[in-house]
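Everything numeric here is computed off the predicted structure, so don't read it as measured data. In what follows, every heavy atom counts, from backbone to side chain, and hydrogens, waters and symmetry copies are set aside.
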Amino acid sequence: MNRLGLICRCIKENPYSSQRELAQKTEFSLGTVNTLIKECMQERLIAPGKSVAGTYELTSKGDAFLEQFRVDGALIIAAGFGSRFVPLTFETPKGLLEVFGERMIERQIRQLHEVGITDITIAVGYLKEKFEYLIDKYDVKLLYNPEYSNKNTLTTIYRARKVLEGRNMYVLSSDNWMRNNMFHAFECGAWYSSVFMHGDTKEWCLSYNKKGRITGVQIGGRDSWVMYGPVFFSKEFSEAFLPALDTYYHTPGTEQLYWENVLIDCLSELEMDINRQPEDQVYEFENLEELRLFDPRYQNHSDNKALELVSEVFKIPESEIHDIRCLKSGMTNKSFLFQVDGRHYICRIPGPGTELLINRQEEADVYKAIAPLNLSEHIIYMNGRTGYKISEYYEGARNSRADSWEDVAACMQQLHRLHASDITVEHDFDIRERISFYERLCTSHGGTLFEDYDMVRGWMDELMDHLDALNRPKSLAHVDSVADNFLFLPDGSVRLIDWEYAGMCDHLIDVSMCAIYSYYNDEDVEHLMQIYFGGEATEEERVVVYSYIALGGFLWSLWAIYKSAVGEPFGEYTLIMYRYAKRYYKKINSLCKL
């Protein structure tokens, strides 16, 4: 930190400051301030105050000297999901949540404007459209990070590196809340905001020397100053930091690193000071529980549909909903775990656009029909119109392992129970109709189909015609028999969950779907059939299983293309499914000429 610059800034912000006042503002000793005042006077940066004895004012030379420290703008990081704030962040990015009636990101923008900083760039990703209004309201710029969903803040800063190059810039998190405005028109060196944490902490704890230079960082500690809140990058800091950031970004295995990991590893080459903040000044809310304690409005009036629903279903105020945690998001839905009266439950929220893909009333009908089997999860609430579902959470349960044939055998037993139950519903799972439907979705949303799509589509028509000719009976099938949908409970029982796609169909579709969802190879598929059939499959059974493997692969490749077209790519999944379609069509042709 340039100490002369800091003295000049303090005097510019508060003309006619005394040495004692300067010592309070800079946290320097009176002796240090006295020495710095003498240096500033010798450089003619300041002069004795004309109006009040014992004070100082900035000279024109001092004004010119300060210009090198002028803050050029701010970069606000707002790309992440905010998983610890579900279900609020299912609808609203964390930085757009309100604290005492003011959105956190808007509070920071307002504080920046108060000191004359108006060149503000917001790095967005998750729910990026929600930030668009800020362009008109505050004249900000949005910078999209396309890697936000699978990489960390190191990537976000890398994507924004052009914004930082050669400039003095604040680097802020959209979800920070500062009680008092801690920004300035001038900053005299790179710093990281810090607060003191009493007792044990999992935060990143700082070591620093007598001049305030950060010398080390340790994750976790006790009674420590920790990294917390805003950061300032001087142009000199960025000049040294950005090349190191570039190296890290292009190094495999760094995808989940924070940008601070680069800082920590390169502290010997990078100069950054600690900026110690008083208690109750900077807040980084770790989860919804912390926000509830800080802003009482969130205790019972979150304005969140899911929490309002839980409150209504259990007939309790929102304040009695605890231990809210994000569950792993599925391909179709978003879910969160919560606790009421000491028991845990799961609330499922349909993902955007799923109303096109899934008939929720049909799903509700299936759950009602299979209730006597005691096969599925225990449903507390199911809305066939909205698709919201609340179910019991099974403590200590685990998902089936697709690579454990013992697990697979137990799963196949549950499918046998379903297929032998004679339970029926009014709707079918018609794979011909679904393929045509997903095909229309793909083309209408600009999805890119495969180069040989027309040929493979013809193959699938041949398979479906052959299945129709067999005229096999229909029974209730789950259709989504992925390993993750089989739960092994501590009492040894197995539950089959998530019946979104279930309907009347040839029951062998469940065997085929289990195979492709598990990415089974040919040998694995043969083993799976032996387990399900209790021996060798008949030629017809083998043809049917193979056919649904091919058709299922084709269907889900179309599904993945559509999801990618609307901004939810699924990587290699699309290719794997398409390969199943082609490979198993050829296997069927080797069994019987279509």
Side-chain angles (χ1 to χ4, degrees), residues 331 402-403 405 408 411-412 415 419 428-439 442 449-472 474-475 477-483 485 501 503 505-533 535-562 570-594:
M331 289 185 173
D403 60 352
W405 293 115
V408 171
C411 296
M412 293 302 102
L415 289 179
H419 300 157
D428 293 345
F429 181 85
D430 184 339
I431 200 160
R432 187 187 294 273
E433 181 275 333
R434 288 289 87 185
I435 286 174
S436 296
F437 174 70
Y438 283 126
E439 190 175 62
C442 288
L449 299 177
F450 295 93
E451 188 70 19
D452 57 358
Y453 179 81
D454 289 340
M455 178 186 71
V456 178
R457 179 65 159 93
W459 292 353
M460 297 303 108
D461 287 337
E462 292 177 24
L463 292 180
M464 290 184 285
D465 291 344
H466 185 69
L467 289 176
D468 290 344
L470 292 176
N471 196 30
R472 288 174 56 84
K474 294 179 181 179
S475 60
H478 184 274
V479 181
D480 197 18
S481 44
V482 58
N485 282 339
Y501 298 96
C505 188
D506 189 318
H507 64 273
L508 293 186
I509 193 173
D510 283 339
V511 181
S512 304
M513 295 300 184
C514 178
I516 64 176
Y517 292 147
S518 301
Y519 292 2
Y520 281 165
N521 59 29
D522 292 357
E523 183 181 346
D524 294 331
V525 170
E526 298 306 314
H527 195 173
L528 175 66
M529 287 195 294
Q530 280 204 331
I531 291 173
Y532 180 83
F533 293 116
E536 288 296 319
T538 66
E539 181 177 322
E540 180 176 305
E541 288 169 337
R542 186 178 301 278
V543 168
V544 172
V545 171
Y546 284 179
S547 295
Y548 278 116
I549 287 178
L551 291 167
F554 189 74
L555 174 70
W556 300 128
S557 68
L558 284 172
W559 178 90
I561 290 170
Y562 162 69
F570 282 94
E572 66 176 358
Y573 177 84
T574 314
L575 296 176
I576 292 172
M577 292 297 108
Y578 197 61
R579 291 310 306 174
Y580 273 122
K582 298 170 78 170
R583 191 165 79 248
Y584 275 81
Y585 168 81
K586 294 174 182 177
K587 284 180 72 71
I588 295 166
N589 251 341
S590 69
L591 289 175
C592 57
K593 294 299 180 182
L594 297 175

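Side chain of E526 to main chain of E523: no donor-acceptor pair is present (N/O by atom type, distance under 3.5 Å, no hydrogens or angles). No side-chain donor-acceptor contact under 3.5 Å links D506 to the backbone of I509.
The side-chain heavy atoms of C442 and L449, taken from C-beta on, include a pair separated by under 4.5 Å. For the pair M460 and R432, the minimum side-chain heavy-atom distance is 4.5 Å or more. In this structure, the side chains of Y585 and E462 come closer than 4.5 Å at one or more pairs of heavy atoms. Counting heavy atoms from C-beta outward, F533 and L508 have side chains that approach closer than 4.5 Å. At least one side-chain heavy atom of C514 sits under 4.5 Å from a side-chain heavy atom of L528. Between L558 and F437, every side-chain heavy-atom pair lies at or beyond the 4.5 Å cut-off. Contact annotation: the side chain of H527 never approaches that of V408 to less than 4.5 Å [non-hydrogen atoms, C-beta and beyond]. When side chains are defined from C-beta on, F450 counts as touching T574, because their heavy atoms get closer than 4.5 Å.
Note that CE of M577 and CG of L555 are 10.5 Å apart. Values are rounded to the nearest 0.5 Å. Going from atom OH of Y519 over to atom CD1 of I576 covers 4.0 Å, rounded to the nearest 0.5 Å. In this structure, CG on L415 lies 5.0 Å from CG on D510, to the nearest 0.5 angstrom. Rounding to the nearest 0.5 Å gives a distance of 5.0 Å between CG of L463 and CG of L551.
Smallest separation of non-hydrogen atoms from G552 and M513: CA-CE, 3.8 Å. What you find for A477 and C505 is that their closest heavy atoms are CB-CB, 4.4 Å. Closest approach of A515 and V525 over heavy atoms only: CB-CG2, 4.0 Å. Nearest heavy-atom pair across R583 and Y520 is NH2-O, 4.3 Å. Of all heavy-atom pairs spanning Y573 and Y517, the tightest one is OH-CE2, 4.3 Å. Smallest separation of non-hydrogen atoms from D524 and W405: O-CH2, 3.5 Å.
In this structure, the ring of Y578 has its center no less than 6.0 angstrom from the ring center of W559. Aromatic ring centroids of Y453 and F554 lie under 6.0 Å apart.
Side-chain contact check for Y438 and W556: no donor-acceptor pair (N or O, by modelled atom type) lies under 3.5 Å. Residues Y584 and D522 have side chains that bring a donor and an acceptor to within less than 3.5 angstrom of each other. Of the N and O atoms on the side chains of Y532 and H419, at least one donor lies less than 3.5 Å from an acceptor on the other residue.
Contacts of Y548 classified as ring pair (Phe, Tyr, Trp, His ring centres under 6.0 Å), with partners at least two apart in sequence or in another chain: none. Qualifying side chain to side chain donor-acceptor pair (under 3.5 Å) partners for D430, counting only residues two or more places apart in sequence or in other chains: none. Residues forming a side chain to side chain donor-acceptor pair (under 3.5 Å) with R457 (at least two apart in sequence, or on another chain): S436, E439, D461.
Salt bridge status for D428 with K474: present, with a side-chain N to carboxylate O gap under 4.0 Å.
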Start with the C-alpha distance between E541 and M529, add both sets of side-chain angles, then the distance that settles side chain to side chain contact (heavy atoms under 4.5 Å, CB included), and finish with yes or no.
CA-CA 9 Å; E541 288 169 337; M529 287 195 294; over 6 Å; no
